[in-house]
Amino acid sequence: MHTPFFPAFRSRLAPLGRRVQALRQQSLCHLELLLGPLLPPGLLCQADEGPNSRERVYSVRRTFFAFLYQVLNPDCPCREIVRQVQALLALQDQSRVDEGTSAYCQARKRFPLDTLQRLRVAVAAAGEKTAERWYGLRPKLIDGTTVSAPDTPKNQRTYPQSRSQKPGCGFPLIRLLGVFSLATGVLLDYGKGNKHQPELGLLWKLLDQFKPGDLAVADRGFCSYVLMALLLRLGVASLFRLHQRRSADLRQGKRLGKSDRRFTWLKPLEKPHWLPQSWWKKIPAQLTVRVIRFNLPSPGYRPESVTLVTTLLDPKKYPAQDMAQLYVRRWKIELWFRDLKTLMGMEVLRCRSPKMLHKELEMFFIAYNLIRCLMVTQKIYC
């Protein structure tokens with residue numbers, strides 16, 4: 001959707017923006033009725049023993065939807081959650097709830113992080129059931145971003161601010177690496193670290209997410225010989241923009257078509273510091289890749305020359321034009337991060353300890369995937 005004269009309305013007119021606004025208008029009770037069927041039934045039950053085994057006012061299920069309500073409404077304080085729970089119990093003629101927020105805050109701290117992680121994975125799997133394939137492959141988009149957190153001593157120790165800022169003048173920064181499904185837009189998995197950790201190192205920890213038949217699509221920052229070799233070892237193809245430090249003379253190599261060549265790359269001499277030595281020995285000495293160059297039109301500007309590198313070597317099975325069109329769709333991941341950070345308010349987190357920050361991130365991603373599932377069921381894609 002294009003709204004050049006009304007940029008402030010773009011987020012509200014976009015498919016995900018409209019659904020965020022609709023969910024924000026729901027009460028806590030209605031939110032549970034709307035999104036409850038999309039969640040696995042057993043993960044929000046009380047535990048048989050341990051911290052969450054007692055039946056409390058803020059049960060596991062009620063605490064989850066209260067936390068979800070706060071994520072969908074970034075300006076919602078804990079006191080508003082207590083008032084909604086008071087109103088809900090009053091309608092059910094149950095006992096009164098204390099007006100203090102201590103009980104609810106303690107319930108959030110008790111909520112197990114692994115339960116949130118399993119909920120996120122389950123919701124993503126539900127959204128992927130109707131995902132369409134590209135030439136029999138499952139394209140997965142990779143990219144990174146950063147979010148800030150409250151300036152507390154605990155957050156600063158775990159996620160220190162940028163080195164370019166003077167002490168006391170910046171905020172803790174969390175580096176995030178997301179893996180999204182191109183077909184549905186759901187977040188499949190993510191990695192987190194501090195500002196000083198490289199994105200390739202975070203992606204190394206997420207390689208289990210990739211399965212044979214997947215196609216990894218990313219920008220030039222991920223164009224690495226080692227990464228492409230690791231993915232190929234897992235049976236995963238890759239499509240990256242060629243890194244600016246690696247030259248590609250299309251007068252050389254084996255010609256496959258117009259601006260389409262096959263090259264043989266040699267293994268780097270130095271091991272990346274994020275890769276274990278045991279895996280470095282498994283990297284092959286040579287790697288055959290395919291280099292494609294095309295012009296990307298831009299209204300009002302000269303066409304931009306874009307060079308891609310891929311391990312899909314068959315030009316008949318995977319035409320160069322279709323590869324270029326697929327890479328252009330990679331820009332969607334930038335819009336999905338915008339949806340998370342701008343529309344949903346994840347750009348600035350609110351929790352004051354790393355433990356709660358991790359739970360808040362999980363809740364944001366669960367909320368995002370739930371909205372994507374609603375869009376998938378209604379066959380509306382963005």
Side-chain angles (χ1 to χ4, degrees), residues 137 139-146 160 162-164 175-179 189-212 214-256 259-294 304-315 318 320 323-324 327 330 333:
L137 301 175
K140 294 182 178 180
L141 307 185
I142 307 168
D143 205 357
T145 187
T146 58
S162 175
R163 293 191 181 100
S164 62
R175 184 185 293 278
L176 298 175
L177 183 81
V179 180
D189 205 352
Y190 77 100
K192 59 182 178 293
N194 59 47
K195 180 68 175 178
H196 311 305
Q197 292 180 274
E199 292 181 344
L200 285 174
L202 297 179
L203 182 58
W204 156 253
K205 301 177 182 178
L206 300 180
L207 286 185
D208 292 341
Q209 173 63 40
F210 295 90
K211 307 298 180 184
D214 290 345
L215 173 61
V217 184
D219 60 11
R220 65 181 66 183
F222 297 89
C223 181
S224 164
Y225 179 101
V226 175
L227 178 59
M228 296 178 70
L230 288 173
L231 290 172
L232 196 61
R233 183 180 178 86
L234 297 174
V236 178
S238 55
L239 175 63
F240 302 145
R241 187 173 181 176
L242 188 69
H243 197 276
Q244 64 271 18
R245 295 182 61 182
R246 184 182 284 273
S247 61
D249 188 355
L250 295 189
R251 295 171 298 181
Q252 303 178 1
K254 182 178 180 181
R255 188 179 189 277
L256 302 177
S259 300
D260 191 352
R261 297 290 192 275
R262 182 184 299 173
F263 291 89
T264 299
W265 287 358
L266 301 179
K267 182 178 179 180
L269 299 178
E270 296 183 1
K271 178 186 75 68
H273 66 274
W274 50 266
L275 186 69
Q277 182 65 32
S278 58
W279 278 90
W280 174 249
K281 297 178 180 179
K282 300 178 183 179
I283 302 297
Q286 294 183 348
L287 181 65
T288 303
V289 297
R290 179 182 171 195
V291 177
I292 303 169
R293 182 171 294 163
F294 69 100
E304 180 184 3
S305 178
V306 178
T307 305
L308 305 179
V309 58
T310 179
T311 52
L312 298 174
L313 305 179
D314 192 341
Y318 307 103
M323 301 278 286
Y327 183 80
R330 187 211 68 85
I333 194 172

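Val179 has its side chain within reach of Phe210: a pair of non-hydrogen atoms, C-beta onward, lies under 4.5 Å apart.
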Residues Val217, Phe222; criterion side-chain contact (heavy atoms from CB on, under 4.5 Å); working and verdict: CA-CA 9 Å; Val217 184; Phe222 297 89; over 6 Å; no

Test side-chain contact (heavy atoms from CB on, under 4.5 Å) on Gln252 and Phe263; report intermediate values, then the result. CA-CA 8 Å; Gln252 303 178 1; Phe263 291 89; 4.1 Å; yes

Determine, step by step, whether Leu313 and Thr288 satisfy the side-chain contact (heavy atoms from CB on, under 4.5 Å) criterion, reporting the C-alpha distance in whole Å, the side-chain angles of both residues, the deciding distance to 0.1 Å, and the verdict. CA-CA 8 Å; Leu313 305 179; Thr288 303; 3.8 Å; yes

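Between Trp279 and Trp204, the ring planes lie perpendicular to each other; the angle is over 60°, past the 30° to 60° tilted range.
Using modelled atom types, no side-chain atom of Lys271 and backbone atom of Pro268 make a donor-acceptor pair closer than 3.5 Å.
Using a cutoff of 4.0 Å between basic side-chain nitrogens and carboxylate oxygens, Asp260 and Arg290 are scored as salt-bridged. Salt bridge annotation for Asp214-Lys140: present, with a cationic side-chain nitrogen under 4.0 angstrom from a carboxylate oxygen. Using a 4.0 Å cut-off between a side-chain N of Lys or Arg and a carboxylate O of Asp or Glu, Glu304 and Arg241 qualify as a salt bridge.
Summarising the local packing, NZ of Lys254 is surrounded by 12 or fewer heavy atoms from other residues, nucleotides or ligands at distances under 6.0 Å. The local environment of NZ in Lys192 is crowded, with over 12 non-hydrogen atoms from other residues, nucleotides or ligands closer than 6.0 Å. Counting non-hydrogen atoms of other residues, nucleotides and ligands closer than 6.0 Å to NZ of Lys282 gives a total above 12.
Minimum interatomic distance between Thr307 and Val291 (heavy atoms only, all atoms of both residues): CG2-CG1, 3.5 Å. For Arg220 against His243, the heavy-atom pair with the smallest separation is O-CD2, 3.2 Å.
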